[in-house]
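Written below as structure tokens is the structure these notes are about.
So that the names make sense, note that chain A is the first sequence line, chain B the second, and so on, each numbered from 1. Excluded from the calculations below are hydrogen atoms, water molecules and symmetry mates; all remaining heavy atoms, backbone and side chain alike, are included.
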2 protein chains.
Amino acid sequence: MTAGSPRNGTENERDGPRRIKSVCTAATVIDVIKQQQGGSLTDISQELELTKGTVHTYLQTLVDCGFVTRENGEYRLSFQFIALGEHVRNETDLYMAGHSEVDALAERTGEYAHLIGEERGRETVLYESRGEFAVAMDYHLRMRETPQHLHDTAAGKAILAHVPTDRRDEIIANQEFERQTANTITDAAELRETLADIRERGYAVNDEEEIRGMRAVGAPVLGPDETVVGAVSVTAPTSRLKDERFRTEMPEQVMETANLIEVNLETARFDS
Amino acid sequence: MTAGSPRNGTENERDGPRRIKSVCTAATVIDVIKQQQGGSLTDISQELELTKGTVHTYLQTLVDCGFVTRENGEYRLSFQFIALGEHVRNETDLYMAGHSEVDALAERTGEYAHLIGEERGRETVLYESRGEFAVAMDYHLRMRETPQHLHDTAAGKAILAHVPTDRRDEIIANQEFERQTANTITDAAELRETLADIRERGYAVNDEEEIRGMRAVGAPVLGPDETVVGAVSVTAPTSRLKDERFRTEMPEQVMETANLIEVNLETARFDS
DNA sequence: CCTTAAAATTTGCAGATATCAAACGCCGGT
DNA sequence: ACCGGCGTTTGATATCTGCAAATTTTAAGG
């Protein structure tokens with residue numbers, strides 16, 4: 001991930017649109033702190049290719065701005081991100097319209113239920129609710145920390161299936177379908193077929209495509225203007241999600257929840 | 001909040017330590033977007049005192065870096081903040097050690113229970129759990145979106161009471177105690193007395209000092225090295241939190257929870 | 001307590017870059 | 001077709017950034 005930027009400096013103002021270089025650098029600093037889970041000035045400046053003096057100035061600035069804190073010699077991302085995240089969440093209509101319904105779904109099924117949003121071809125967990133029997137906490141914890149690709153989850157495929165054609169092509173083109181398990185779909189053509197099926201049926205499944213032993217069912221949530229705004233899904237161990245329950249019962253429950261959320265979106269007005 | 005920075009530009013490099021100006025500007029842009037709940041280029045550039053051209057470059061940069069998205073002509077903060085917030089949360093020992101205990105507390109009391117962390121003299125909600133009878137959702141929603149002052153909440157006072165003396169003095173000196181209700185403590189001397197009491201008793205109360213009709217009880221959580229790492233609190237309408245329950249029962253439950261969390265902190269190893 | 005090494009912070013300087021103004025392009029409305 | 005508002009691009013210059021190296025602080029031993 002650290003690759004990216006061209007060796008700036010001497011002669012690379014070829015054509016790209018104008019950007020604020022220092023802001024990009026600051027973003028990289030934040031990313032390094034995230035990746036390394038905090039660290040000393042020396043740690044961080046070694047990871048970036050910048051002088052300690054330079055990185056020091058960046059870190060001081062980020063501390064001043066409240067994005068980073070220092071605690072006995074270690075820099076780490078500040079709690080401000082928690083508050084900002086909460087703010088973004090509460091601004092998101094899908095979250096406001098859907099979190100209670102997802103709670104109900106988790107309760108009814110006893111498993112993990114998720115409300116998923118999409119941005120830049122990645123999915124973000126907007127809300128998670130744990131049913132009584134929910135398993136794989138660690139996995140879900142990681143899910144929430146990083147926007148995931150769309151090709152190997154039920155919610156992701158449900159969203160991808162309903163995104164406008166041009167955007168779908170763009171996402172599929174710019175993304176490598178990393179193999180997670182034997183079942184992961186890594187072929188673009190196969191993925192397209194699956195997506196057509198999903199549009200047909202109205203729901204998506206994830207049959208141990210991301211984690212061995214885990215299945216999931218996901219349904220898209222369409223906004224008032226028929227564009228997809230996100231998805232709902234339930235994830236459970238294969239042993240508890242098979243046959244009828246996997247093929248009929250769970251899809252019905254997930255789609256029902258998605259439908260309820262759609263109604264909430266139509267009905268409610270989420271004023272500023 | 002937008003005040004702050006000295007009129008940079010002509011002649012203010014008097015003495016302050018060196019900072020990256022563009023990063024500060026970008027932080028302001030983010031803050032404006034947060035405050036205005038998104039907006040057009042024109043909106044945002046009017047709020048800042050910068051040319052549209054300049055702000056345009058900043059916004060493009062922030063979009064590239066993934067902090068901002070554009071959706072039909074409106075810029076808003078991206079879902080990335082949700083993921084980053086989650087990451088910070090999961091890195092925080094207090095959260096890992098305490099969220100289940102707070103769930104239990106909310107269940108036992110039937111009210112809102114919170115796990116609070118402190119940073120830069122402000123409190124951040126690390127975790128919130130709603131008991132069966134919990135009320136005032138909107139208020140708690142706002143609480144989660146912005147780090148609060150420490151003088152008018154139970155958790156805040158519990159933390160402030162146990163912070164090292166020098167830091168406490170610094171926080172009290174640099175903070176204005178905004179009056180929220182008739183009961184808000186706005187006098188530094190009075191606050192100091194209250195804090196001494198709190199250290200004595202081991203818990204803090206908030207008797208309609210922030211919201212009329214709402215009371216709260218908070219207890220500090222001390223880390224392995226005896227420094228305060230945060231607090232636990234329960235908030236309830238005054239009608240359900242009075243007499244014995246307010247003075248004895250609830251403090252005991254909150255302190256017990258805080259104690260359990262302390263034990264978890266001592267015991268568990270939260271490896272990177 | 002003193003010595004030494006490592007880490008953090010500060011500073012001068014030269015080259016890179018952010019900012020403004022102004023021009024341009026793109027709509028939607030009349 | 002004309003106008004007005006909004007977004008985008010661009011050239012030029014004053015300003016800021018980033019390196020290197022000096023200085024201070026902190027930590028570790030002896």
Item checked: First encountered from the 5' end of DNA chain D, between R19(A) and L50(A) -> R19(A)

Nearest to the side chain of [X], heavy atoms from C-beta on, is which of [options]?
| X | options | answer |
| --- | --- | --- |
| K21(B) | dC19(D), dT8(D), dT17(D) | dT17(D) |
| T42(A) | dA7(C), dT9(C), dA18(C) | dA7(C) |
| I20(B) | dT17(C), dT8(D), dT17(D) | dT17(D) |
| K52(B) | dC19(D), dT8(D), dT17(D) | dT8(D) |
| Q60(A) | dA18(C), dT11(C), dT9(C) | dT9(C) |

Under 4.0 Å between a side-chain nitrogen and a carboxylate oxygen: does that hold for [X] and [Y]?
| X | Y | answer |
| --- | --- | --- |
| E118(A) | R167(A) | yes |
| E119(B) | R76(A) | yes |
| R192(B) | D169(B) | yes |

May I have the distance from [X] (atom [atom1]) to [N] (atom [atom2]), rounded to whole angstrom?
| X | N | atom1 | atom2 | result |
| --- | --- | --- | --- | --- |
| L41(B) | dG25(C) | CG | P | 19 Å |
| I44(B) | dT8(D) | CD1 | P | 11 Å |
| R70(A) | dT26(D) | CZ | C1' | 11 Å |
| H56(A) | dG18(D) | NE2 | C1' | 14 Å |
| Y58(B) | dG7(D) | OH | C1' | 19 Å |
| L48(B) | dC20(C) | CG | P | 10 Å |
| L62(B) | dA18(C) | CG | P | 13 Å |
| E49(A) | dA20(D) | CD | P | 13 Å |

Next item on the list: Record whether the side chain of R18(B) comes under 3.5 Å of the base of dG18(D) through a donor-acceptor pair of N or O atoms.
Entry: yes

Margin query: Applying a 4.0 Å non-hydrogen cut-off, can you work out what T54(A) is touching in the nucleic acid: base, sugar-phosphate, or nothing?
Written below: base

Next item on the list: Assign S40(A) to base, sugar-phosphate, or nothing according to its heavy-atom contacts below 4.0 angstrom with the strands shown.
Entry: sugar-phosphate

Item checked: Bend angle of the helix from dC1(C)-dG30(D) to dT30(C)-dA1(D), from helix axes over five pairs at each end, nearest 10° -> 50°

Notebook entry, point to check: With sequence neighbours excluded, what pairs up with E128(A) under the salt bridge (Lys or Arg N to Asp or Glu O under 4.0 Å) test?
Noted result: R144(A)

Note to self: Checking N90(B) against E145(A): is there a side-chain donor and acceptor pair closer than 3.5 Å?
What the structure shows: yes

Check: If you look only at pairs with a residue in residues 59-68 of chain B, which of them pass as a side-chain hydrogen bond (donor to acceptor under 3.5 Å, both in side chains), with sequence neighbours excluded?
Finding: R19(A)-D64(B), H56(B)-Q60(B)

Next item on the list: Going by the ring-ring contact (aromatic ring centres under 6.0 Å, His included) test, name the single residue among F81(A), Y58(A), F79(A), Y75(A) that passes it with F67(A).
Entry: F81(A)

